[in-house]
Amino acid sequence: MAEATKTKYVPTMGLEIHAELKTERKMFCDSVNDPYEKDPNVNVCPVCMGHPGTLPVPNKKAIELVMAVGFALGGEVAVNTKFDRKNYFYPDLPKGYQISQYDQPIVSGGHIEVTQSDGIKKRIEVERVHLEEDTARMQHEEGGGSLIDFNRSSIPLMELVTKPVIQTAEQARLFAENLQQILRYLSASDAEPENGTMRVELNISIAPEGAKEFGTKVEIKNLNSFSALEAAAAYEIARQSELLEKGERVVQETRGWDEVNKRTFSQRVKEGAADYRYFPEPDIPPLVLNKENGFDRDSIVASLPELPQAKRERFIKEYGHDEQTVAVFIANKKLADYYEQVVSEFLAWEGAKAGNRDELVRLATNYTVKNIRTLLDEEGIALEELKITPENFAEFIHLVRGGEVTSAGARDLLVEMARSGGDPSEIIESKGLKQEHDTGAIGAIADEVIAANEAAVADYKGGKETAIKFLVGQLMSKSRGAANPQVAEKVLREKLD
Ligand code: MN
């Protein structure tokens with residue numbers, strides 16, 4: 001793509017993001033909400049299978065989760081809201097309509113501020129967030145025929161639409177990533193693009209710089225990861241710019257993302273907007289989201305957790321993290337919580353004074369990022385399953401720092417702590433991992449080493465400094481790693497000088 005293209009045409013992008021909400025039951029019935037159920041058609045009932053004559057009853061928890069999302073995004077959370085029918089035919093929607101929200105969404109407005117890789121912050125405005133129901137899942141069989149699984153039918157689904165203010169592929173990815181984190185912090189959704197609990201669609205148009213009107217809008221679907229979103233956005237910016245450059249026109253259509261060839265492809269051409277004939281859902285009365293009706297807005301606000309952006313800024317300020325380190329913790333709230341406990345326990349163990357607090361925090365950070373993450377990866381377990389408590393891990397760092405355990409022993413100690421959940425100082429005793437500081441015991445080994453290495457001793461006495469390293473090495477291996485190397489060197493020198 002020619003450089004000149006980029007200055008001539010500007011992209012305008014918006015995102016439409018669906019996320020399955022984490023409730024126990026489905027949106028309008030008592031069927032279990034389990035997006036991971038493998039057996040087809042087990043979490044179903046006449047309501048979520050769309051039998052005529054059944055009545056939907058809204059799930060209060062799902063409404064509260066969308067309200068929480070609205071407050072977290074700084075949006076306006078409606079007091080008066082209602083459900084509407086969105087009419088269309090498809091086999092995964094047996095009622096012939098989806099219960100959704102049209103002109104009175106639960107949330108209007110709001111924003112997420114993203115930090116670009118160049119450090120510049122960009123505020124991306126949200127148009128709305130509404131609540132609806134998911135459709136069933138279709139499975140197309142090889143050689144013809146399709147199967148339908150209603151487990152997913154009527155799982156509570158949140159739909160967020162941004163304003164058309166996204167200007168770069170990176171901003172699109174960052175918005176989606178940030179929203180994922182917020183949804184996870186709120187425990188509102190697993191928000192995983194890979195398994196469909198979060199589904200991102202990109203709207204994109206290109207227009208000459210300074211143009212009063214948007215260009216023709218193209219919709220990109222089946223983006224199964226954030227990197228696919230970013231790559232698809234970049235690809236479309238280039239593709240559409242090139243078309244306009246050549247004097248051709250962009251076709252209004254829906255395109256898919258081909259992950260293998262890293263390109264978008266035409267799926268279907270749109271002739272004007274679909275007419276869904278929205279009308280108010282007659283089986284659900286309008287809702288008034290206030291305390292009188294059981295929706296305690298104040299307590300929802302009060303129970304919001306610290307959100308990713310705020311945590312990010314606090315971690316940088318409080319712990320001096322660099323961008324890479326803070327990103328590890330913000331992406332993993334449980335690890336962040338664990339880490340904060342480790343730091344506080346470790347500082348208590350060390351009796352930190354103002355002078356060395358930074359150094360101690362850095363040590364706790366490195367140990368947590370390296371050891372804990374490595375351990376989880378190696379064992380293939382989640383942090384909740386880890387048997388090492390933050391208290392014990394803090395003591396572990398304290399013992400290593402104090403030279404209470406040999407460096408070889410530290411590794412064994414950690415593995416044993418993970419296996420048994422035991423206290424590190426007890427394991428050091430029982431497994432004989434204690435580092436030998438005792439000059440008497442080390443002195444005895446030093447005598448053996450001196451006796452057995454006459455040549456090296458002669459070299460040292462003749463002024464060859466490096467010979468002492470060899471002797472220390474001999475002593476260390478004789479003690480099977482248990483001797484403290486500094487003490488070993490000191491004892492050897494005393495005996496030889
Ligand atoms: Mn939708």
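Excluded from the calculations below are hydrogen atoms, water molecules and symmetry mates; all remaining heavy atoms, backbone and side chain alike, are included. Order of listing sets the numbers, starting from 1, for every ligand and every atom in it. A quick note: this is a predicted structure, and the numbers were derived from the prediction, not measured.
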> What do you reckon, are the aromatic ring centroids of Phe83 and His130 less than 6.0 Å apart?
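So the answer is no for these two rings.
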
> Could you pull out the atom name of the N/O/S atom in Glu159 that is nearest the Mn ion (ligand 1)?
OE1

> For Tyr97 together with Tyr278, are the ring centres under 6.0 Å from each other?
no

> Indicate the ring-plane relationship of Phe393 and Tyr367, choosing parallel, tilted or perpendicular according to the 30° and 60° boundaries.
perpendicular

> From His18, does some N, O or S atom reach closer than 2.8 Å to the Mn ion (ligand 1)?
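For His18, the answer is yes, given that an N, O or S atom comes within less than 2.8 Å of the Mn ion (ligand 1).
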
> Among the N, O or S atoms of Glu132, which one sits nearest to the Mn ion (ligand 1)?
OE2

> Do the two ring centres, one from Tyr102 and one from Phe279, sit under 6.0 Å apart?
no

